[in-house]
**Student:** 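Can you read through this structure? Questions will come right after.
By convention in this document, chain letters (A, B, ...) are assigned in the order of the sequence lines, proteins followed by strands, and residues within each chain are numbered from 1. Hydrogens, waters and symmetry mates play no part in the numbers below; they use all other heavy atoms, side chains included.
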Amino acid sequence: EAGVAQSPRYKIIEKRQSVAFWCNPISGHATLYWYQQILGQGPKLLIQFQNNGVVDDSQLPKDRFSAERLKGVDSTLKIQPAKLEDSAVYLCASSLVTNTEAFFGQGTRLTVV
Amino acid sequence: AQSVTQLDSQVPVFEEAPVELRCNYSSSVSVYLFWYVQYPNQGLQLLLKYLSGSTLVESINGFEAEFNKSQTSFHLRKPSVHISDTAEYFCAVSETGGFKTIFGAGTRLFVKA
């Protein structure tokens, strides 16, 4: 069974630029999560999809972050414009049943300079 | 709303010694509990989980955790650690019937030879 795929693995951008991350979850997993993990902290949920509907985006900075999940499968997370404090690892995860075991991708390490 | 506290940010231990990583949670309803492990430059992997039934759960690589409802704890233990256990460990909680999983800040386990 293929795992959760994310790209790119690393990205360096200047502040005020835009960036996009892509995630392909495990086939058949209805729930998809995007987490932000700042160095030295635990993952913080940014947005959670159930199929292609948003279940929770209460911690997504909506003035600069956006996410979509096309046809209930792949998802993209965009930041525009980026700030220095957005430097973090962005983790995508998926689960068959909401709030049980989540399977994580390797993450995208974003550095904003 | 639920919350998770991991009481130790770092735990250094010698190889073959026992270890306990502490996790306490707060919730007004029944919960699911998880321990995830993160190796350097990797995403999170599920180590073990408590959903229901026996309060003592075990992983395939010798870790175990016990759900203690009265003390709202889910401490992770291993009787004899290996160098390869060096990683960051995250405790997580979700409310049964809820949608959100909350992660603790993590405990960095460092196993010394």
**Student:** Please classify the contact between A/A93 and chain B as side chain, backbone, both or neither, with a heavy-atom cut-off of under 4.5 Å.
**Tutor:** neither
**Student:** Can you tell me how far CG of B/L46 sits from CZ of A/F103, rounded to the nearest 0.5 angstrom?
**Tutor:** 7.5 Å
**Student:** Is there a path from B/F63 to B/F67 through hydrophobic residues (I, L, V, M, F, W, Y) whose side chains come within less than 4.5 Å of each other?
**Tutor:** yes
**Student:** Got a sec: does the CG of B/L56 have more than 12 other heavy atoms crowding it under 6.0 Å?
**Tutor:** yes
**Student:** Determine, using the 4.5 Å side-chain heavy-atom cutoff (strictly less than), whether A/I79 and A/Y10 are members of one ILVMFWY cluster.
**Tutor:** no
**Student:** Heavy-atom count check: over 12 atoms from other residues, nucleotides or ligands less than 6.0 Å from A/L84 CG?
**Tutor:** yes
**Student:** Flag yes if A/L77 and A/W22 sit in one hydrophobic cluster, no otherwise; membership is Ile, Leu, Val, Met, Phe, Trp, Tyr, and two members link when side-chain heavy atoms are under 4.5 Å apart.
**Tutor:** no
**Student:** Is there a continuous path of hydrophobic side-chain contacts, each under 4.5 Å between heavy atoms, that joins B/L48 to B/L51?
**Tutor:** no
**Student:** Is it the side chain or the backbone of B/K49 that comes within 4.5 Å of chain A heavy atoms, both, or neither?
**Tutor:** side chain
**Student:** From A/Q106 CD over to B/L44 CG, what is the distance, rounded to the nearest 0.5 angstrom?
**Tutor:** 12.0 Å
**Student:** Write out, in numerical order, the residues from residues 15-39 of chain B with a heavy atom short of 4.5 Å from a heavy atom in chain A.
**Tutor:** B/Y32, B/F34, B/Y36, B/Q38
**Student:** Within a reach of under 6.0 Å around NZ of A/K15, are more than 12 heavy atoms found that belong to other residues, nucleotides or ligands?
**Tutor:** no
**Student:** Residue by residue, scan residues 41-72 of chain A and write down, ordered by number, those that have a heavy-atom distance under 4.5 Å to chain B; if none do, write 'none'.
**Tutor:** A/Q41, A/G42, A/P43, A/L45, A/Q48, A/V55, A/D56, A/S58
**Student:** Can you tell me how far apart OH (A/Y33) and OG1 (B/T101) are? Round to the nearest 0.5 Å.
**Tutor:** 5.5 Å
**Student:** Please determine whether residues B/F90 and B/L7 belong to a single hydrophobic cluster, defined as Ile, Leu, Val, Met, Phe, Trp and Tyr linked transitively by side-chain heavy-atom distances below 4.5 Å.
**Tutor:** no
**Student:** Check whether more than 12 heavy atoms from other residues, nucleotides or ligands sit under 6.0 Å from atom CD1 of A/I12, and answer yes or no.
**Tutor:** no
